[in-house]
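Worth knowing before you read on, the calculation uses all heavy atoms, side chains too, and leaves out hydrogens, waters and symmetry mates.
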Amino acid sequence: MTNIVILGAGYAGLAAAVQLAVRTRRDDTVRVTLVNAGDRFTERLRLPLTATGQEVADLRIPDLLAGTGARFAPGWVTSVDLAARTVTLDERKIKFDLLVYALGSVADTAAVPGADEHAYTLNSFDDASVLADRLAGATSVVIGGTGPTGVESAAEIASRHPHLTVTLAGRHEPGATMHPKARAHLRAALDRLGVRTVRAEIRKVLPDGVQLDEETVPADLFLWAGGTRVSPLAAAMTTDDRGRIVTDPALRSVSHPFVYAVGDAAAIRQPYGIMHGTCQGGMPTGVHAALSILRELAGKQPRPFRFGYYHTPVSLGRRDGVVQFTHGDDSPRRFYLTGRLAARYKEFVTASPWPTYRRMKKMPASGAFWPHGKRS
Ligand SMILES: Cc1cc2nc3c(=O)[nH]c(=O)nc-3n(C[C@H](O)[C@H](O)[C@H](O)COP(=O)(O)OP(=O)(O)OC[C@H]3O[C@@H](n4cnc5c(N)ncnc54)[C@H](O)[C@@H]3O)c2cc1C
């Protein structure tokens with residue numbers, strides 16, 4: 001019996017689990033177990049909606065795994081013993097022969113003094129729900145971080161709570177990596193929604209405000225969307241300067257090749273550099289790890305992973321957005337969408353993982369599925 005344990009049922013881990021379980025469902029020498037903190041699938045892309053009191057689908061991991069043959073083990077992973085090949089899950093241990101490490105990332109509240117104590121985050125459905133409750137009684141909010149998560153959160157909050165004073169603060173101009181016209185659209189949308197944008201370093205989070213370079217902005221709430229960190233469990237392997245597991249081209253840990261690392265938790269090198277954490281790149285890494293394990297089980301060498309970005313879709317409330325199409329290295333192309341079409345595109349992208357997993361479940365045991373038609 002080969003025990004394959006997948007840690008983390010986010011976009012990447014779930015893709016790995018479904019692909020592996022479906023492809024091995026007729027093989028009773030392989031057991032696939034998916035471990036996750038809870039049984040709710042966190043649609044992280046929809047957390048700004050949850051944070052503003054909008055209803056989102058209640059997706060359950062066991063429902064998705066139904067029929068694949070994969071086992072689900074709910075619980076919090078507290079340690080990974082690579083010598084004994086065991087994972088400790090709350091009080092119990094699970095043995096593995098091969099591990100897929102997909103524990104993702106959370107907002108790095110250690111990056112700014114005071115954020116640990118005073119910042120709200122969008123790490124989970126529960127965190128976003130707490131923020132929704134607090135926003136209902138607030139008069140001002142600062143969002144830290146001008147990347148897509150910060151921009152989407154600011155736009156969603158401003159459009160659902162027009163009475164709130166909303167400030168978006170961060171080191172870079174919002175939409176900094178976009179085509180100038182796409183960036184101008186994004187900027188105009190934030191202005192229209194009444195979001196004040198400030199280009200500044202966030203120095204300190206206080207109980208009632210935020211210290212920036214040259215001013216202190218009073219705020220009832222501070223949402224941190226300015227960067228992520230990964231679980232310290234990764235430190236049992238070779239990691240990069242951000243604590244992510246360094247992989248070989250086939251996505252195996254360079255120090256422990258019986259561990260595949262995928263999604264946000266992995267430092268995956270491509271010709272253009274190390275991939276940054278996205279759902280866009282995370283799901284293909286999960287699928288690739290599964291296919292590599294299948295090749296290993298068949299006595300073949302796993303193939304190198306190749307990935308190129310193709311878009312950056314950003315919602316600006318429910319009826320507006322910007323989609324920047326990109327080159328493989330994530331640099332902007334000339335093409336972009338704005339307005340309602342962009343909002344619909346973003347919604348299509350956000351909704352696509354769940355039907356994708358469902359379609360994977362229907363693939364034959366001998367076929368590999370990937371939504372863009374790639375086969376390996
Ligand atoms: C608000 C927001 C909006 C975003 N929007 C976009 C977007 O539009 N497009 C895009 O491409 N990307 C977006 N991202 C980034 C994207 O969500 C991540 O890159 C993606 O979720 C990474 O997937 P993952 O499977 O690696 O990890 P995750 O989705 O983080 O999943 C990790 C899983 O592991 C579980 N876990 C963690 N630690 C433990 C433990 N110790 N024990 C048990 N379980 C554990 C977690 O509960 C979680 O279920 C967004 C992120 C956020 C926060």
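- With values rounded to the nearest 0.5 angstrom, N123 atom CG is found 7.5 Å from T109 atom OG1.
- A single hydrophobic cluster is seen to contain both V262 and M237, as judged by linkage of ILVMFWY side chains at heavy-atom distances under 4.5 Å, directly or through other members.
- Heavy atoms only, all atoms of each residue included: P353 and C279 are closest at CG-SG, 4.4 Å.
- Side chains of Q54 and E156: a donor-acceptor N/O pair is present below 3.5 angstrom, by distance only.
- With rounding to the nearest 0.5 angstrom, the CG atom of L193 is 12.5 Å from the CG atom of L164.
- Ring centroids of F325 and Y309 are separated by 6.0 Å or more, keeping the two rings apart.
- Side-chain N/O atoms of H327 and Y272 include no donor and acceptor closer than 3.5 Å.
- Atom CG in L82 sits 7.5 Å away from atom OG in S253 (nearest 0.5 Å).
- For F41 and F125, the ring centers sit 6.0 Å or farther from each other.
- Between P271 and R306, the closest heavy-atom pair is CD-NH1, 4.5 Å.
- With 3.5 Å as the limit, one finds no donor-acceptor pair spanning the side chains of D97 and T2.
- Looking only at side-chain heavy atoms (C-beta outward), L135 and Y120 stay at 4.5 Å or farther from each other.
- Of the charged side-chain nitrogens involved, none lies within less than 4.0 Å of a carboxylate oxygen, so that E152 and R46 do not count as a salt-bridged pair.
- For T216 (side chain) and L212 (main-chain N/O), no donor-acceptor pair under 3.5 Å exists by modelled atom type.
- Using a 4.5 Å heavy-atom cutoff, the side chains of M360 and V22 are not in contact.
- Residues Y345 and V322 fall into different hydrophobic clusters, defined by Ile, Leu, Val, Met, Phe, Trp and Tyr side chains chained together at heavy-atom separations under 4.5 Å.
- In the model, T86 has no side-chain atom that pairs as donor or acceptor with a side-chain atom of K93 under 3.5 Å.
- Taking hydrophobic clusters as Ile, Leu, Val, Met, Phe, Trp and Tyr residues chained together by side-chain heavy-atom distances below 4.5 Å, Y357 shares a cluster with V32.
- Residues satisfying the ring-ring contact (aromatic ring centres under 6.0 Å, His included) test with F335, not counting sequence neighbours, are none.
- A heavy-atom distance below 4.5 Å is not found between the side chains of L168 and V198.
- Rounding to the nearest 0.5 Å places CG of L65 at 10.5 Å from OG1 of T33.
- Scanning all heavy atoms of the two residues, the minimum distance from G145 to I202 falls at N-CD1, 4.2 Å.
- Residues F258 and Y260 keep their aromatic ring centres 6.0 Å or farther apart.
- Taking the six-membered ring where the residue is Trp, the centroids of H288 and F305 are separated by under 6.0 Å.
- In this pair, W224 and F222 present their aromatic rings parallel. The plane angle is below 30°, not in the 30 to 60° band.
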Quiz item: Is there a side-chain contact (heavy atoms from CB on, under 4.5 Å) between I274 and I268 once you walk through the steps?
Solution: CA-CA 5 Å; I274 302 285; I268 299 168; 5.8 Å; no
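- The line from CZ of F96 to CG of L7 is 8.0 Å long, rounded to the nearest 0.5 Å.
- With contacts defined as side-chain heavy-atom distances shorter than 4.5 Å, the pair D264/R244 does not qualify.
- Between R199 and D213, none of the side-chain N atoms (NZ, or NE/NH1/NH2) sits under 4.0 Å from a carboxylate O, so this pair counts as no salt bridge.
- Minimum interatomic distance between L122 and S153 (heavy atoms only, all atoms of both residues): CD1-OG, 3.5 Å.
- Comment: R40 engages D58 in a salt bridge, judged by a side-chain N to carboxylate O separation of less than 4.0 angstrom.
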Quiz prompt | D81/R85 under salt bridge (Lys or Arg N to Asp or Glu O under 4.0 Å): CA gap, chis, key distance, verdict | solution = CA-CA 6 Å; D81 185 334; R85 297 205 190 187; over 6 Å; no
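- A 4.5 Å side-chain heavy-atom check between R340 and D320 finds every atom pair outside the cut-off.
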Quiz item: Run the side-chain contact (heavy atoms from CB on, under 4.5 Å) check on E347 and R318 step by step: do they pass?
Solution: CA-CA 9 Å; E347 172 52 29; R318 295 297 83 208; 4.3 Å; yes
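- The shortest side-chain heavy-atom distance between L233 and L103 falls under the 4.5 Å cut-off.
- L206 belongs to no multi-residue hydrophobic cluster, having no ILVMFWY side-chain contact under 4.5 Å with any other such residue.
- A donor-acceptor contact shorter than 3.5 Å is absent between the side chain of K346 and the backbone of L341.
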Self-check item: Criterion side-chain contact (heavy atoms from CB on, under 4.5 Å) on T167 and I143, from CA distance to verdict
Solution: CA-CA 6 Å; T167 306; I143 295 111; over 6 Å; no
Exercise. May I have the step-by-step check of side-chain hydrogen bond (donor to acceptor under 3.5 Å, both in side chains) for D108 and T228, ending in yes or no?
Key: CA-CA 4 Å; D108 185 8; T228 57; over 6 Å; no
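- No donor-acceptor contact under 3.5 angstrom links the side chains of S140 and T165, judged on distance only.
- Residues L34 and G8 share a closest heavy-atom pair of CD1-O, 3.6 Å.
- The CD atom of E91 lies 8.0 Å from the OG1 atom of T78; values are rounded to the nearest 0.5 Å.
- I6 and V230 fall into different hydrophobic clusters, where Ile, Leu, Val, Met, Phe, Trp and Tyr side chains are chained together by heavy-atom contacts under 4.5 Å.
- Counting heavy atoms of neighbouring residues, nucleotides and ligands inside a 6.0 Å radius, atom CD of E214 does not exceed 12 of them.
- With a 4.5 Å cut-off on side-chain heavy atoms, L294 and T24 count as touching.
- For Q19 (side chain) and G286 (main-chain N/O), no donor-acceptor pair under 3.5 Å exists by modelled atom type.
- Within 6.0 Å of CZ on R71 lie no more than 12 heavy atoms contributed by other residues, nucleotides or ligands.
- Residues I4 and I245 are members of one and the same hydrophobic cluster, defined by side-chain heavy-atom contacts under 4.5 angstrom among Ile, Leu, Val, Met, Phe, Trp and Tyr.
- Salt-bridge annotation for D27 and R25: absent, with no side-chain N of the basic residue lying under 4.0 Å from a carboxylate O of the acidic one.
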Practice problem: Assess whether side-chain contact (heavy atoms from CB on, under 4.5 Å) is satisfied between R295 and I293, documenting all intermediate values. | Solution: CA-CA 5 Å; R295 286 183 70 82; I293 288 172; over 6 Å; no
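- For the residue pair S159 / R319, no side-chain donor-acceptor distance below 3.5 Å is found, with atom types taken as modelled.
- Under the 4.5 Å side-chain criterion, counting only non-hydrogen atoms from C-beta, V246 is not in contact with R269.
- For R252 and S292, the side-chain atoms include no donor-acceptor pair closer than 3.5 Å.
- Between the side chains of D208 and H118, no donor-acceptor pair of N or O atoms lies under 3.5 Å.
- The neighbour count for R60 CZ, taken as heavy atoms of other residues, nucleotides or ligands under 6.0 Å away, is above 12.
- Without hydrogens or angle criteria, K204 side chain to Q211 main chain gives no donor-acceptor distance under 3.5 Å.
- Taking each heavy atom of A155 and L190 in turn, the nearest pair found is CB-CD2, 4.3 Å.
- For residues 145-195, every residue pair satisfying the ring-ring contact (aromatic ring centres under 6.0 Å, His included) rule, not counting sequence neighbours, is listed here: H161-H163, H179-Y336.
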